[in-house]
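Scroll down for the structure; my scribbles are underneath it.
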Amino acid sequence: MSLSIRNQIPGTVTAIATGEVMATVKVRLASGQQLTAAVTLDAVKDLGLGEGSEVRALVKSTEVSLATGPVAGLSIRNQIPGTVSEIATGGAMAGVKVTVEGGELTAAITADAVADLGLKAGSPVVALIKSTEVSLATA
């Protein structure tokens with residue numbers, strides 16, 4: 001299956017905490033970084049997820065925000081450091097490619113945000129991704 005989702009990061013499930021309807025799934029990326037996904041219990045069951053399961057974390061580029069450094073006092077669980085490798089700017093929006101340990105992420109942000117943050121190739125950034133915006137897939 002081919003997907004339009006640019007951000008597909010391989011990892012291994014390290015923990016699953018379940019509630020009545022939803023679960024948080026901790027995924028260790030190849031870099032050693034931990035990513036948290038909030039998915040339904042049905043998804044955990046349908047995918048057969050358990051500790052040690054190999055997964056791909058999927059995140060639409062429109063759900064990746066960028067900061068110029070780590071952000072404290074924030075509910076966003078996933079903060080992945082990286083370096084801007086490329087910026088494609090249009091009239092209103094920009095696609096920012098970020099090299100992270102073990103891969104690459106793409107963020108779709110406004111051209112104004114690129115200018116306000118002073119982003120250019122080589123800029124250090126932190127990709128911010130809400131756990132509710134991370135989907136999981138198995139092979």
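- Here the NZ atom belonging to Lys60 is positioned 12.0 Å from the CG atom belonging to Leu3, to the nearest 0.5 angstrom.
- Between the side chain of Ser85 and the main chain of Lys97, a donor-acceptor pair closer than 3.5 Å is present.
- Taking each heavy atom of Gly48 and Ser53 in turn, the nearest pair found is O-OG, 3.7 Å.
- Counting heavy atoms from C-beta on, the side chains of Thr138 and Leu49 come closer than 4.5 Å.
- Hydrophobic clustering, with ILVMFWY side chains joined whenever heavy atoms are under 4.5 angstrom apart, keeps Ile109 apart from Met93.
- Of all heavy-atom pairs between Lys26 and Thr36, the closest is NZ-OG1, 3.4 Å.
- Panel note: side chain Asn78, backbone Leu128; no donor-acceptor pair is recorded below 3.5 Å.
- For the atom pair Ser65 OG and Lys130 NZ, the distance stands at 9.5 Å (nearest 0.5 Å).
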One pair to check against side chain to side chain contact (heavy atoms under 4.5 Å, CB included): Val21 and Leu41. What are the steps and the verdict? CA-CA 6 Å; Val21 176; Leu41 286 179; 5.6 Å; no
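- Atom CD of residue Glu63 and atom CG of residue Leu58 lie 13.0 Å apart, to the nearest 0.5 angstrom.
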Can you list the steps and then say if Val125 with Thr83 is a side chain to side chain contact (heavy atoms under 4.5 Å, CB included)? CA-CA 6 Å; Val125 293; Thr83 304; over 6 Å; no
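- With respect to Val27, the side-chain contact (heavy atoms from CB on, under 4.5 Å) criterion is satisfied by exactly one of Thr12, Ile9, Leu136: Leu136.
- The cluster map of Ile, Leu, Val, Met, Phe, Trp and Tyr, joined by side-chain heavy atoms under 4.5 Å apart, puts Val44 and Met22 in different clusters.
- In this structure the side chain of Val59 reaches within 4.5 angstrom of the side chain of Val64, judged on heavy atoms.
- With values rounded to the nearest 0.5 angstrom, Asp112 atom CG is found 10.5 Å from Leu117 atom CG.
- Listed here is the closest heavy atom pair of Thr89 and Ala111: CG2-CB, 3.7 Å.
- Of all heavy-atom pairs spanning Pro70 and Val126, the tightest one is N-CG2, 3.5 Å.
- For the pair Thr106 and Val96, the minimum side-chain heavy-atom distance is 4.5 Å or more.
- One hydrophobic cluster holds both Ile16 and Leu35 under the rule that ILVMFWY side chains link at heavy-atom gaps under 4.5 Å.
- No side-chain donor from either of Thr99 and Glu104 sits under 3.5 Å from a side-chain acceptor of the other.
- Residues Leu29 and Val55 share a single hydrophobic cluster, defined by chaining ILVMFWY side chains whose heavy atoms lie under 4.5 Å apart.
- Scanning all heavy atoms of the two residues, the minimum distance from Pro81 to Val100 falls at O-CG1, 3.6 Å.
- Residues Ile129 and Ile5 do not share a hydrophobic cluster, clusters being chains of Ile/Leu/Val/Met/Phe/Trp/Tyr side chains in contact below 4.5 Å.
- In this structure a side-chain-to-backbone donor-acceptor pair under 3.5 Å is present from Gln79 to Val71.
- For the residue pair Gly118 and Ser123, the shortest heavy atom distance occurs at O-OG, 3.8 Å.
- Of the possible donor and acceptor atoms, one in the side chain of Arg77 sits under 3.5 Å from a partner among the backbone N and O of Ser75.
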